[in-house]
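Just below is one structure, and these are the notes that go with it.
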Number of protein chains: 2
Amino acid sequence: MYNTTAVVMDDFIIKYISAYIELTPEEEDIIRNQNLIKPFPKDTVLLAEGEHARECYFVLKGCVRRYHIINGEERTTDFYTENQSIIPVSYSTKKPSEYFLSCVEDTVIALGSNERNEELIKQIPKLETMLVQMASEMQAQNQIEMDNFKNLSPEERYRNLTETRPDLLNRVPLNYIATYLGITPESLSRIRKRISRNR
Amino acid sequence: MYNTTAVVMDDFIIKYISAYIELTPEEEDIIRNQNLIKPFPKDTVLLAEGEHARECYFVLKGCVRRYHIINGEERTTDFYTENQSIIPVSYSTKKPSEYFLSCVEDTVIALGSNERNEELIKQIPKLETMLVQMASEMQAQNQIEMDNFKNLSPEERYRNLTETRPDLLNRVPLNYIATYLGITPESLSRIRKRISRNR
DNA sequence: AATAACAATTAGCTTAAGTTAATTTCTAAT
DNA sequence: ATTAGAAATTAACTTAAGCTAATTGTTATT
């Protein structure tokens with residue numbers, strides 16, 4: 001069950017964690033031995049509406065899209081790319097998921113579960129400190145995104161996106177981007193035209 | 001320095017914490033002895049734009065409004081009422097605050113700071129478990145609010161607010177509500193009229 | 001009770017987003 | 001290379017939000 005992808009990706013995780021806390025070589029090994037890294041081909045549905053999320057995800061490579069289906073239409077609510085964690089609401093609340101998670105590209109993910117996380121924390125208690133820090137950062141980031149969304153017009157939101165996550169525009173279809181911005185694909189087309197007209 | 005308000009409010013805190021973890025009588029005393037409960041009169045600014053937040057807040061009674069000033073206009077971005085925690089972005093990032101926090105009513109708040117929290121956690125390590133749980137709940141709640149905001153029209157957002165936080169409409173001026181919903185007070189007026197017309 | 005300050009509504013006009021439908025462009029599969 | 005299907009754009013029309021300004025309603029203060 002040896003997996004080249006996993007071996008390379010382990011180093012990304014170690015590096016990521018090391019930005020928060022210092023790991024001894026032994027602790028690094030504990031993490032490496034977890035072997036919870038999995039590649040998913042494009043279009044894999046990680047979580048479907050109605051399902052109970054039993055895992056949380058850390059994107060090592062690729063892109064995951066979060067979307068709701070409302071009146072039969074897909075409404076994208078978030079994109080997760082390299083080094084972003086996904087904690088499904090369903091994972092926290094233990095209720096059926098309101099939304100889908102699906103891979104927009106071939107994606108490599110580190111999987112977490114309550115049981116495994118607790119086990120890991122028992123072995124490396126420092127990890128809990130990291131968790132608290134990460135939670136606080138995510139909370140801050142969420143708030144900033146919400147504030148931007150509320151205070152900016154659709155056009156400003158689009159401009160903002162081209163600045164804060166320019167990569168997304170190249171790796172994700174525009175109709176996904178549109179609903180992510182809270183508008184229709186037609187509106188996004190017009191906005192892009194308007195912007196290109198005025199240079 | 002004995003304070004009646006604080007004595008009563010302490011019980012709320014104990015009760016709130018007990019929903020997450022079990023406290024021994026000794027631990028309850030430790031928390032009570034913190035004495036970090038303060039009343040603030042209406043219109044007190046807890047945090048101003050540009051300031052560094054050194055405290056986080058837990059609202060025991062009253063209402064705190066978060067707002068940005070954009071082009072000289074106040075844009076409300078959140079309301080915090082009983083049993084809600086406020087962790088300013090500035091508190092997490094150590095950067096100057098982008099927004100204000102101010103009391104809409106006379107408000108009683110439990111104050112937290114990194115130093116005091118760490119001290120407390122040293123004495124009651126269980127508290128860290130609670131923190132992680134709370135963070136996870138807040139994260140879920142934030143996501144749900146963001147999704148609602150993105151996927152609902154202004155009118156639907158207003159209707160949704162009347163269902164999820166009906167108290168707010170009675171305790172907060174409508175012009176605050178309007179910007180909180182991401183619209184102008186004029187638009188909110190029209191929406192309310194539209195709704196009352198159609199019963 | 002009168003007044004000042006602020007909150008909320010109303011009106012008219014402008015602008016842009018939603019909706020429906022058609023057309024063009026792009027992509028992937030045979 | 002051709003074609004089918006999807007994505008993106010365009011257009012025409014409808015609807016509602018933003019903006020400016022005026023008016024009415026409410027609250028607090030003297």
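We name chains A, B, ... by the order of the sequence lines, and we start the count at 1 in each one.
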Test: ring pair (Phe, Tyr, Trp, His ring centres under 6.0 Å). Region: residues 151-196 of chain A. Which pairs qualify, not counting sequence neighbours? A/Phe79-A/Tyr180

Partner set under side-chain contact (heavy atoms from CB on, under 4.5 Å) for [X], not counting sequence neighbours:
X	answer
B/Met130	B/Ile17, B/Tyr20, B/Ile21, B/Leu127, B/Met134
A/Ser18	A/Ile14, A/Leu23
A/Ala110	A/Ile13, A/Leu36, A/Ile37, A/Phe58, A/Leu60
A/Ile69	A/Glu49, A/Tyr67, A/Glu74, A/Phe100

Using whole Å, report how far OH of B/Tyr158 lies from P of C/dA8. 11 Å

Would you mind checking if [Y] and [X] are paired as a salt bridge, meaning a charged N to carboxylate O distance below 4.0 Å?
X	Y	answer
B/Arg165	B/Glu145	no
B/Arg159	B/Glu155	yes
A/Glu186	A/Arg190	no

Each nucleotide in nucleotides 9-22 of chain C should get exactly one letter: B, S or -. Can you fill that in based on protein heavy atoms under 4.0 Å? BBSB---SBBBBB-

Which residues end up grouped with [X] if you chain together Ile, Leu, Val, Met, Phe, Trp and Tyr wherever their side-chain heavy atoms are less than 4.5 Å apart?
X	answer
B/Tyr80	A/Ile144, B/Phe40, B/Leu46, B/Leu47, B/Tyr57, B/Val59, B/Val64, B/Ile86, B/Val89, B/Tyr99, B/Leu101, B/Ile109, B/Leu111
A/Leu152	none
A/Tyr91	A/Ile87, A/Met138

Are any protein N/O atoms closer than 3.5 Å to N/O atoms in nucleotides 25-29 of chain C? If there are, list each pair with its distance.
none

Looking at B/Arg54, is its backbone amide N or carbonyl O close enough to the side chain of B/Ser113 to form a donor-acceptor pair, meaning the two atoms are under 3.5 Å apart? no

Axis-to-axis angle across the helix from C/dA1-D/dT30 to C/dT30-D/dA1, five pairs an end, to 10 degrees? 40°

With a 4.0 angstrom cut-off to heavy atoms of chain A, pull out the first and last contacting nucleotide of DNA chain D, in 5'-to-3' order. D/dA8 to D/dA12

